[in-house]
Amino acid sequence: MQGTEDLHSVSSPRRVLSFSKRRKATVSFLDPDDKAASGFGVSGDHGPKSSEVYGFVGSITTVVATAIFFVWAYVPENWLQAIGIFYYPNKYWALAVPTYGMVTIFLALLFYVGLNFMSTPPPTSLNTIFDEFSREPSTFIPSREGDDQPIEPISDIGINKINDLMFNDVK
């Protein structure tokens, strides 16, 4: 068992109870201003962060709204009227709104892909080979040994050099 003197030096929770047969029950409290002794990393302001509260409220609201939606969509109308609910939207919208939402998302994706195809130049265009960032490699001048060589900037190898390397050196 730990002694009382060890309880104060070790980083421990707020309250430590020690029940030993040799001593009476001892209770030790950490200093509330001593944040370093607590292993929990308590910040200066107490309570939950606002993002945690918004996340919790948002998740609970989503669950409740989903439950209400399923009750409205699947419970027969005479049961709803029996429990005193007389005003609610038409059941048509329980199927129409999710369907309209899925079709809207699908069409938005198709529209996005179509815009990308329209903005891409055709494969026969020289814009697929050269653009405003194209540059020829700089001429490499070897220097004496032992000198540090700078790294060359990124450059493009011309299509004529690629064709010569790939197709003209065939033996």
Side-chain angles (χ1 to χ4, degrees), residues 9-14 30-77 80 87-171:
S9 64
V10 175
S11 171
S12 61
R14 293 185 186 262
L30 292 178
D31 186 14
D33 295 330
D34 188 16
K35 294 179 179 85
S38 172
F40 299 112
V42 178
S43 63
D45 54 342
H46 299 288
K49 297 177 184 174
S50 62
S51 60
E52 294 171 350
V53 172
Y54 291 145
F56 178 74
V57 170
S59 64
I60 295 298
T61 304
T62 302
V63 169
V64 169
T66 304
I68 290 172
F69 173 79
F70 283 129
V71 166
W72 164 63
Y74 291 112
V75 172
E77 291 183 19
L80 290 175
Y87 181 75
Y88 49 86
N90 192 350
K91 300 272 182 157
Y92 163 80
W93 295 109
L95 185 62
V97 169
T99 304
Y100 288 154
M102 289 188 309
V103 169
T104 302
I105 291 171
F106 179 72
L107 290 176
L109 290 173
L110 281 179
F111 183 71
Y112 178 72
V113 170
L115 280 177
N116 282 331
F117 276 126
M118 288 174 50
S119 66
T120 303
T124 58
S125 172
L126 289 177
N127 290 333
T128 59
I129 299 173
F130 302 107
D131 62 357
E132 67 269 11
F133 301 108
S134 299
R135 74 172 131 198
E136 290 291 323
S138 61
T139 58
F140 180 69
I141 302 171
S143 63
R144 296 177 298 203
E145 290 183 28
D147 289 345
D148 290 336
Q149 297 293 323
I151 298 173
E152 290 187 44
I154 295 176
S155 59
D156 297 326
I157 301 174
I159 191 71
N160 55 354
K161 291 181 185 178
I162 295 294
N163 286 336
D164 286 340
L165 288 172
M166 291 183 68
F167 302 116
N168 290 341
D169 289 339
V170 177
K171 293 181 182 177

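Predicted model only: the values in this text are computed from it and were never measured.
Open room surrounds CD1 on I157; 12 or fewer heavy atoms of other groups in view lie less than 6.0 Å from it. With a 6.0 Å radius and a threshold of 12 heavy atoms from other residues, nucleotides or ligands, L95 has its CG atom at or below the threshold.
Partners of F69 by ring pair (Phe, Tyr, Trp, His ring centres under 6.0 Å), not counting sequence neighbours, listed by chain and number: W72. By the ring pair (Phe, Tyr, Trp, His ring centres under 6.0 Å) test, Y100 is found to be paired with no residue, residues two or more places apart in sequence or in another chain being considered. L109 pairs by the side-chain contact (heavy atoms from CB on, under 4.5 Å) definition with I105, not counting sequence neighbours.
Paired with T66 under the rule side-chain contact (heavy atoms from CB on, under 4.5 Å), one option of I68, V63, T62 passes, and it is T62.
Side-chain atoms of S125 never come within 3.5 Å of backbone atoms of P122 as a donor-acceptor pair (strictly under, hydrogens ignored).
Rounded to the nearest 0.5 Å, atoms CG (N90) and CD (E77) are 7.5 Å apart.
A pairwise comparison of heavy atoms in L80 and K91 identifies CD1-NZ, 4.1 Å as the closest pair.
F111 is not listed as a side-chain neighbour of L107, based on a closest heavy-atom distance of 4.5 Å or more.
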